[in-house]
Amino acid sequence: MAAESPKYRAPALDKGLDILELLARAVAPLTIAEISEGVGRSRGEIFRMLQVLEERDYISRPDGEGRYSLTPRLFRLGMEQPPVKSMVETALPVMHRLADDIDQSCHLVVPSQEQIVVIARVDPPGEIGLVVRVGHRRPISHSASGHVLLAWQDDETRERWFTMMIAHEPQLQRAAIDTAISDIRAAGFATIPSQVVDGVTDISAPVMQHGRATCAMTIPFIERRGSALNMATTTKLLVEAANEVSEALAHRPTPSLGN
């Protein structure tokens, strides 16, 4: 008699997770037909699942019609995880002080599969600044924060990330990124012109735990006429702030989901 497979299947759960993961990658709300094609299942198979996910507030129809997108509920659930909550609570006071000192905005970024996601932000105290919304996502390969996170990982983790990145971006030029993250490690920070907004330079530094970057603190730097703070001084203050958060996390008890 053949041994039973140790792998159990939950078809309904599989369908729900497939839908959520598809919508997380989508750049715009999707129709039922697009979701059906994207997850490789018939409309009949996913119709009831869409109803349940909508009733539970995991997805919604922003236009009130037939196109679906994720709500912030999954993000809020992730933010309630004790390690993430502890990281944000530790970083925010330092980020507020940094924003006051540099008169620019700053935000905190963590990895999410082949992307980065913003988990906290502090707006600039003045009237001018670029603000990145909480929940914003970008490919790791297209962001200063992503380069910083890549630079301070062990080899096994970095290889796993590259595998995910290349799966979503087959034309990715790995050699160029390897060179960039080597330079970033040597400098201790990244300064990369924004790929989204002209005239903005993203400055990013790692927040370290247990020898690796668990998040990146980033400033979308805008050069302003008459400002006493240039990019070099702003970078120095950012690195000091990121180091301060790293030190605080090193001396803070690690939260456990079982506590």
Side-chain angles (χ1 to χ4, degrees), residues 72 75-76 79 84-112 115-152 180-181 183-209 213-252:
F75 183 79
R76 292 195 299 267
M79 290 293 291
V84 176
K85 197 170 184 178
S86 173
M87 188 186 304
V88 172
E89 289 173 346
T90 302
L92 275 177
V94 179
M95 293 169 65
H96 276 287
R97 190 173 70 246
L98 174 64
D100 287 341
D101 289 343
I102 63 176
D103 197 21
Q104 307 253 2
S105 69
C106 60
H107 53 270
L108 200 66
V109 165
V110 295
S112 175
Q115 299 180 324
I116 53 97
V117 59
V118 176
I119 62 169
R121 83 174 195 208
V122 174
D123 295 352
E127 296 181 354
I128 299 174
L130 176 65
V131 175
V132 181
R133 67 176 175 81
V134 172
H136 172 73
R137 289 175 173 269
R138 291 276 292 163
I140 287 174
S141 58
H142 294 183
S143 64
S145 305
H147 280 63
V148 163
L149 290 168
L150 264 175
W152 279 276
I181 62 177
D183 293 341
I184 288 167
R185 279 188 68 98
F189 56 86
T191 54
I192 299 176
S194 171
Q195 295 188 22
V196 179
V197 182
D198 290 338
V200 172
T201 300
D202 293 326
I203 312 171
S204 188
V207 173
M208 304 292 292
Q209 279 187 288
T214 53
C215 59
M217 192 180 296
T218 302
I219 299 168
F221 180 81
I222 300 174
E223 192 83 50
R224 291 199 296 266
R225 293 176 184 173
S227 174
L229 289 176
N230 57 21
M231 191 182 302
T233 303
T234 301
T235 301
K236 177 177 179 294
L237 293 173
L238 170 65
V239 171
E240 290 174 355
N243 288 342
E244 182 178 344
V245 176
S246 300
E247 284 290 321
L249 288 172
H251 293 93
R252 185 167 181 165

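In what follows, every heavy atom counts, from backbone to side chain, and hydrogens, waters and symmetry copies are set aside.
Heavy-atom neighbours of Asp198 CG from other residues, nucleotides or ligands within 6.0 Å: at or below the threshold of 12.
Across all non-hydrogen atoms, the minimal contact from Ile116 to Gly146 is CG2-CA, 3.7 Å. Shortest non-hydrogen contact noted between Asp101 and Leu229 is O-CD1, 3.0 Å. Nearest heavy atoms, Ala216 versus Ser145: CB-O, 4.0 Å. Thr90 and Ala248 make their closest contact through CG2-CB, 3.5 Å (heavy atoms, listed as atom of the first residue, atom of the second, distance). Closest heavy-atom contact between Ala190 and Ala144: CB-O, 4.2 Å. The shortest heavy-atom contact between Gln104 and Ile222 is NE2-O, 2.9 Å.
To the nearest 0.5 angstrom, Thr214 atom OG1 is 8.0 Å from Leu108 atom CG. Taking OG of Ser143 as the start and CZ of Arg138 as the end, the distance is 7.0 Å to the nearest 0.5 Å. The distance from the CZ atom of Phe221 to the CD1 atom of Ile102 is 8.5 Å, given to the nearest 0.5 Å. A distance of 11.0 Å separates NE2 of His107 from CD1 of Ile119, quoted to the nearest 0.5 Å. To the nearest 0.5 Å, atoms OG (Ser204) and CG (Leu238) are separated by 7.0 Å. The distance from atom CD1 of Ile181 to atom CG of Leu149, rounded to the nearest 0.5 Å, is 11.0 Å.
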After noting the C-alpha distance and the side-chain angles of Ser105 and Arg121, does the key distance pass the side-chain hydrogen bond (donor to acceptor under 3.5 Å, both in side chains) rule?
CA-CA 7 Å; Ser105 69; Arg121 83 174 195 208; over 6 Å; no
Please determine whether side-chain contact (heavy atoms from CB on, under 4.5 Å) holds for the pair Leu130 and Val197, giving the CA-CA distance in whole Å, both sets of side-chain angles, and the decisive distance to 0.1 Å.
CA-CA 9 Å; Leu130 176 65; Val197 182; 4.2 Å; yes
Begin with the C-alpha distance, continue with both residues' side-chain angles, and end with the deciding distance and a verdict on side-chain contact (heavy atoms from CB on, under 4.5 Å) for Met217 and Leu98.
CA-CA 11 Å; Met217 192 180 296; Leu98 174 64; 4.0 Å; yes
Step-by-step side-chain hydrogen bond (donor to acceptor under 3.5 Å, both in side chains) determination, Asn243 to Ser246
CA-CA 5 Å; Asn243 288 342; Ser246 300; 5.0 Å; no
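Between the side chains of Thr191 and Thr201, no donor-acceptor pair is found at a separation under 3.5 Å.
The closest side-chain heavy-atom distance from Met87 to Val110 is below 4.5 Å. In this structure, the side chains of Ile203 and Thr234 come closer than 4.5 Å at one or more pairs of heavy atoms. Considering only heavy atoms from C-beta on, Val109 stays 4.5 Å or farther from Val117 through its side chain.
Side-chain atoms of Arg185 come within 3.5 Å of backbone N or O of Ala151 as a donor-acceptor pair.
The pair Glu244-Arg97 counts as a salt bridge, with a side-chain nitrogen and a carboxylate oxygen less than 4.0 angstrom apart.
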